[in-house]
Amino acid sequence: NGVASGTTDGSGDLVITFSSALPNNTYSLNLTIEGTTSIECTVVSKTTTTATVRFYGSTTGLALASTAVTVSYHAKDY
């Protein structure tokens, strides 16, 4: 659980690094985008220590490259 912020890369991705490793990569990740901009996101890859999240403009559907984002997250292992 935590908050991640940073600038997305050229694909609209931000890598979230967990404070401690999960036992495996079969976890769910609940995301809440912070701020007032209309943004959507999806998890594109997971490891035991990181998750890569892609951010999109909700009106355009285009990936948000080089965009400052902040997201709260909750990882739950199964």
Side-chain angles (χ1 to χ4, degrees):
N1 302 326
V3 177
S5 61
T7 301
T8 59
D9 66 12
S11 298
D13 294 350
L14 179 72
V15 177
I16 297 172
T17 302
F18 305 127
S19 59
S20 60
L22 294 162
N24 53 53
N25 67 348
T26 58
Y27 55 87
S28 66
L29 191 64
N30 295 320
L31 302 164
T32 302
I33 299 168
E34 305 295 340
T36 58
T37 305
S38 296
I39 297 176
E40 297 180 19
C41 64
T42 188
V43 176
V44 293
S45 66
K46 299 185 295 186
T47 71
T48 58
T49 57
T50 66
T52 301
V53 179
R54 182 160 298 155
F55 292 83
Y56 300 91
S58 58
T59 56
T60 65
L62 300 175
L64 296 176
S66 303
T67 302
V69 293
T70 299
V71 61
S72 298
Y73 62 90
H74 174 80
K76 181 175 181 179
D77 190 42
Y78 291 99

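Atoms considered below: every heavy atom in the structure, side chains included; atoms not considered: hydrogens, waters and symmetry mates.
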Nearest 0.5 angstrom please: N25 CG to D77 CG, how far?
9.5 Å
Rounded to the nearest 0.5 angstrom, the OG1-CG distance for T49 and L22 is 8.5 Å
Kindly write out the residues that satisfy side-chain contact (heavy atoms from CB on, under 4.5 Å) with T50, not counting sequence neighbours, or none if the list is empty.
V15, T17, T47
State, with a plain yes or no, whether a side-chain heavy atom of [X] is found less than 4.5 Å away from one of [Y].
{"X": "N24", "Y": "Y78", "result": "no"}
{"X": "V53", "Y": "V44", "result": "no"}
{"X": "V43", "Y": "T52", "result": "no"}

Under 3.5 Å, side-chain donor or acceptor atoms of residues 63-75 against the rest of the protein: list the pairs with distances, not counting sequence neighbours.
| unit_1 | atom_1 | unit_2 | atom_2 | d |
| --- | --- | --- | --- | --- |
| T67 | OG1 | A65 | O | 3.0 |
| S72 | OG | E34 | OE2 | 2.4 |
| H74 | ND1 | N1 | OD1 | 2.3 |
| H74 | ND1 | N1 | ND2 | 3.4 |

Is I39 linked to Y56 within one hydrophobic cluster, defined over Ile, Leu, Val, Met, Phe, Trp and Tyr using a side-chain heavy-atom separation of less than 4.5 Å?
no
With no hydrogens and no angle check, is any side-chain donor or acceptor of [X] less than 3.5 Å from a backbone partner on [Y]?
{"X": "S11", "Y": "D13", "answer": "no"}
{"X": "S38", "Y": "S58", "answer": "no"}
{"X": "K46", "Y": "T26", "answer": "no"}

What are the two closest non-hydrogen atoms of T48 and F18, and how far apart are they?
O-CD1, 3.9 Å
Heavy-atom closest pair (F55 atom, L14 atom, distance to 0.1 Å) is CE1-CB, 3.7 Å
